[in-house]
Amino acid sequence: MKRTIILLLFSLLLIVVVGYGSVFADGGNKTEASEGISQEITLMVTNLPTSIDPLQDTGLSALTAYSLLYDRLIDIDKSGNTIPSLALSWKPIKPTVWRLELRQGVFFHNGERFNAKTVQSVIMRALHGTESRQKAQISLIKDVQIVNDYAIDIITSEPWSLLPNRLSRLWIYPTEYFNQVGLEGFLKKPIGSGSYRFVKWQQDNYLILEKNDKYWREQQSEIKKITLRHTPDMNARINALESGEADMAFIIDPEQIVRLEKLGYKTLNQPLGQAYIYFFRTTLKSPVADVRVRRAINYAIDVDTIIKSLFLGMASKLEGQPVGSDAFGYDSSIKAYPYDPQMAKKLLAEAGYPQGFTIAFDGTSGMAPKDKEVAELIADQLAQIGIHMQINLNERGVYLEKMMNAKMSPIWSISLNYAPTMDLFGPMNNATSFTGHKSHSDPAFDSLYLRWLAAFDQKEQLKIGREMLKYYHDEALALFLWQSPGLYSISPKVQGIEMNPDYTINLLNAVVK
Amino acid sequence: MSETILSVKNLNVQFITKRGIIKAVQDVSYSLEKGEAVGIVGESGCGKSVSVLSLLRLLPENLARIKSDEIRFCDTDLLHIANKDMQNIRGSKISIIFQDPMASLNPVLTIGRQLREPLIIHRMAKAKEANNKALELLRMVQIPDPEERMNNYPYEMSGGMRQRVMIAMSLICNPELLIADEPTTALDVTVQAQIIDLVKELRRRLGMSLIWISHDLGIIAGLVNRVLVMYAGTIVEEALVDDLFYTPRHPYTRALLASIPQAEGQLKRKLQPIRGSPPDLLNLPRGCLFAERCNYVKDVCRKEKPPIRRINDNHRCACWMDTTTSEVL
Amino acid sequence: MIPLTMVGVLTIVFFVLRLSGDPVYLFTTQESTPEEIEMLREELGFNKPLPIQYIRYLRRAVVLDFGTSLRYGEPAINLILARWPATLQLAVCALLVSIAIGLPFGAISALKRGTIWDTICSTITLIGQGAPVFWIGIMLILIFSVRLRLLPATGSGTLKHLILPSITLGAFFAARVARISRTSILEVMQKKYIVTARAIGTKELRVLYLHVLKNAAIAIVTIIGLSIPSLIGGAVMAESIFNWPGVAGFMVNAVYNRDYPVVQAGIFILSFTVAVTNLVVDVLYTYLDPQIRLGSQKV
């Protein structure tokens, strides 16, 4: 008798544990195959934001989700130009004052009206809020003053010509609501003004959104519900796509893309606003301190072949500069170093290394697409001209530590972000002496950079920018490779999805057939 | 006129091993009357256990090869019946108790449970009835506090008690034949005596037939009517108990009796072991299996197997010699 | 017993944390300025003498305060506890699957020892033990999700989602269960009370479950209990392949991201789980082995 009771209790416990998931199952995170008729899509993204509060996650991968839920003051087009979003116009009325005119008639998902107060509050919290991670990004903003309901003045501590692009980092949320419910309340139920509104989410698992019919932009799309699923494992993303559970898989390897294409899936090829380069440390005593050596290395690498063999042609080569054509300030007159091993050998000999030399390289394994294979191919090609590159592949934590403490080898790989601002800032900043990794320390470049930052006139800014790019190229501060590939595989049932180099997504014209 | 309940003719048991075929039992024949008690004696390894285990098919199937002209119990052909019929007979018509009571009971079941088990599997009683019967048996085997004991586990009991329980288990279905395979060997002398007395008492009460196996001639003496002496897998002598002790014929039997240490008498008398050792069952010699160790051995013994001689109605001996006269027969 | 174990675990973590030098760096991020680092040091008490730090640490641990996640900005313990049920669910189901598969395999192997069945079962068991979790998982996904479209490839929430991950993790563990089942059953089969059971006329099937399995269970349960940590380790893989929102995968990411508070909280919860599992095994033991239940008093 006692035994049967114990057995029953045990079985009950078992049923509870097993059924827990089902009993508490929310219909939300089921990934059933989407029927063509029901206008719902599921996207397998690499990462969901670490926080649904748009001021907390500054990573690139968070922007997909943010761009659906929220709007920003300005957007950026595919050539790096700023275009109006919640802000209609912006112009410097004084060297340290930018006047912004704001869009009228925009309402947040809870009905709150977007106006100057909203922007002021957001910027103030971004600057001073304890949880805000955007402080460093907009550190030059000193104050925001309200001119009228739909105009504000942003006051900077120094002249800052790059401010407009920088505003691309601020996603706007209803601040009255925020003050009412506090951060905790906001995190439980976030509100934005974007084309989709929040339904529910589970951190690092899924995010569910439903259509905002009152969106201020025109929407052709009928898609009622979007589920984003956090899936760091690429194979899991592909499996979900192939099994019909999902409609789009983010960031897929080229070989898989080709295979999926054969099965009828559509490919979206949108390179990211991220330059993959091998930085040279001119601050160390090594052969690469000599510009001829650096140029030689650029001549010695056949980037086209690497792209063809490792990325099946699906990557966008960098044209001798650390940004792509989607960046503001890109100089189309600068071209990539041609593949010329003879020239490379000649330069090496000139520099005093006719026999080549041995040099250490710090790279990663698994942090960038094909990083390991790329390193091996490059080492091979360098070997042809006598340079023996010793490859060290680092795990993420070690890589970051070396980078922050200037412990990198004379050559090291980096994915240089210039998104989401899509300007020259990131790459340029990294070539100054004001960095933790201390790759370069050239007073000439430093002063160019400071002049560029201070340049007020946009024409002046573009001019100095071009000078810096030329410098970058001629001094061969890095081995220029390619823009990080952005390959997405989409179910043929869904059409009209657009991705941007900054990972933001545009579903305004998307349809499910 | 007594009826024969068990009849075994030319039983052969072989074990197939990697090293070869072990001939554990060869051409063993005997029979048992209803109510009779027969003892089987012999040294370790002489095949006495194997010969009875084979009757009930309790030997490992893939190793043992049993061949016989006949194994008959009451009217049942034990040799050829189906396994499930054999299972029906075990525990209900023929019961067997074993040597090591410490290891012979399931440690995770209570005594009561294990006692009721034979009744349950043979469908002889329902739960409550079985419980009562179990209590009755516990009293019968003279275990004090039987109600307590029913809920005990084996580890809570001594060896003697466990053996009593085993006896109770074997008798609970009222079998016609009880086989006891050296049940007291592992117990100390006082307990031994108790168990033997118990079995005698039970036999008187219930009247079941008995086969008792032992290597100890002394135990056999007061317990059985008839004795079979086995050596190296064969029966060398068979006689009524008194005849065996007072007029043993086979050299082996004589040597066995002579080797019993005397408690009384000349204290200075040396022990008289039997010289040599039993033959290798893988490689049995031609001729008499005892020849190497025999005090009466002659040439013929080594060449040919001895015939079974009838000494009188109840006394048989497998030997070339007449040990009373030291003449070849 | 459990509190003692937990204190032990916490103490080890406390000292490991200080092995790699200044522990404050484990709580800082890339963007931390020197002033922020100093503030953090003050706040976390790393500038106080060691014994005081230890007390504070233990006191905080008692209320499950392991700090705030560097990546998510939320209390580390909340993040871990939110995902713990999912892993528990997966582990329990996998365990059930592994017993359901492993026990019969091991039993057949033992009972038909030496025959072709033994060879077949043993070989399959060997493959099962050698096959990596991710291989099994990927194969199952390929067949059942991609080809047949019967079961979902990723995610959680319904019973359907539970099937493939449980089988993947369970299959991997089943081999171990099969091995130990085979060994224990073989051992028990040699015992004399099995002969007794047959001698009283018990049918083979009943011998198997009433006598053999009941006794073999003790050893089998022990080994399963001891192997729970490796089940959790396998869960790391399974959670990654199937995107199962559990603690194991989350912890691994936390390590990768150097999110130390989460790692700390995770270690605590996982150790606690293992300790509780051992307790459960002990309790099961008393149910299975009367000698332990009643104490060995002989009469």
Side-chain angles (χ1 to χ4, degrees), chain B residues 53 56-63 83-110 113-115 117-122 144-145 148-149 151-159 161-162 165-166 169-170 172-173 175 179 181, chain C residues 108-119 184-222 281-299:
Chain B
L53 288 174
L56 288 174
R57 280 188 220 161
L58 286 173
L59 296 169
E61 263 179 29
N62 49 340
L63 288 177
N83 272 334
K84 74 172 170 66
D85 294 321
M86 179 61 87
Q87 283 162 352
N88 287 336
I89 291 183
R90 290 186 198 144
S92 66
K93 297 265 179 348
I94 306 180
S95 285
I96 177 166
I97 56 180
F98 299 101
Q99 185 175 328
D100 186 358
M102 296 306 274
S104 294
L105 287 171
N106 187 335
V108 299
L109 297 175
T110 57
R113 184 77 163 75
Q114 297 195 56
L115 259 184
E117 187 72 357
L119 289 173
I120 293 175
I121 43 188
H122 293 288
D145 276 328
E148 273 283 316
R149 292 299 179 180
N151 293 324
N152 278 160
Y153 285 91
Y155 77 89
E156 293 174 271
M157 297 182 134
S158 67
M161 290 249 220
R162 290 191 217 189
V165 170
M166 299 274 338
M169 261 172 83
S170 67
I172 198 163
C173 293
I179 304 178
D181 186 357
Chain C
I108 295 176
S109 226
L111 296 173
K112 304 266 180 217
R113 178 173 180 220
T115 66
I116 185 86
W117 291 109
D118 182 9
T119 318
S184 341
I185 290 178
L186 274 178
E187 208 183 299
V188 170
M189 300 276 285
Q190 309 295 341
K191 299 281 191 193
K192 298 212 174 122
Y193 54 83
I194 300 295
V195 183
T196 305
R198 293 206 178 101
I200 61 174
T202 318
K203 299 227 194 300
E204 274 309 298
L205 195 60
R206 194 177 169 85
V207 172
L208 182 63
Y209 66 77
L210 185 62
H211 299 278
V212 176
L213 283 182
K214 243 181 163 247
N215 281 282
I218 299 174
I220 297 176
V221 165
T222 311
V281 169
D282 280 345
V283 168
L284 260 176
Y285 237 59
T286 65
Y287 173 69
L288 292 168
D289 187 347
Q291 214 158 341
I292 294 180
R293 192 186 332 158
L294 305 169
S296 339
Q297 347 114 297
K298 286 186 76 172
V299 174

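Numbers restart at 1 for each chain; the letters A, B, ... are given by sequence-line order, proteins then strands.
Contact annotation for B:N106: both backbone and side-chain heavy atoms come within less than 4.5 Å of a heavy atom of chain C. In this structure, chain C has no heavy atom under 4.5 Å from any part of B:L56. Contact of B:P107 with chain C is made through backbone and side chain together, with heavy-atom distances under 4.5 Å.
Counting heavy atoms from C-beta outward, B:M169 and B:Q114 have side chains that approach closer than 4.5 Å. Two residues are said to be in side-chain contact when any heavy atoms from C-beta on lie closer than 4.5 Å; B:F98 and B:L58 meet this criterion.
For C:K203, the NZ atom sits in a packed shell: over 12 heavy atoms of surrounding residues, nucleotides or ligands are nearer than 6.0 Å. Heavy-atom contacts from other residues, nucleotides or ligands closer than 6.0 Å to CZ of C:R206 number more than 12.
Taking chain B as the reference chain and counting heavy-atom pairs below 4.5 Å, the highest number among C:L210, C:V195, C:T115, C:L288 is found for C:L210. Options B:P175, B:G91, B:S95, B:S92 differ in how many heavy-atom pairs under 4.5 Å they form with chain C, and the most are formed by B:G91. Heavy-atom pairs under 4.5 Å with chain C were tallied for B:I96, B:N88, B:D100; the largest tally goes to B:D100.
Put simply, the residue from B:R57, B:R90, B:M86 that forms a side chain to side chain contact (heavy atoms under 4.5 Å, CB included) with C:R198 is B:R90.
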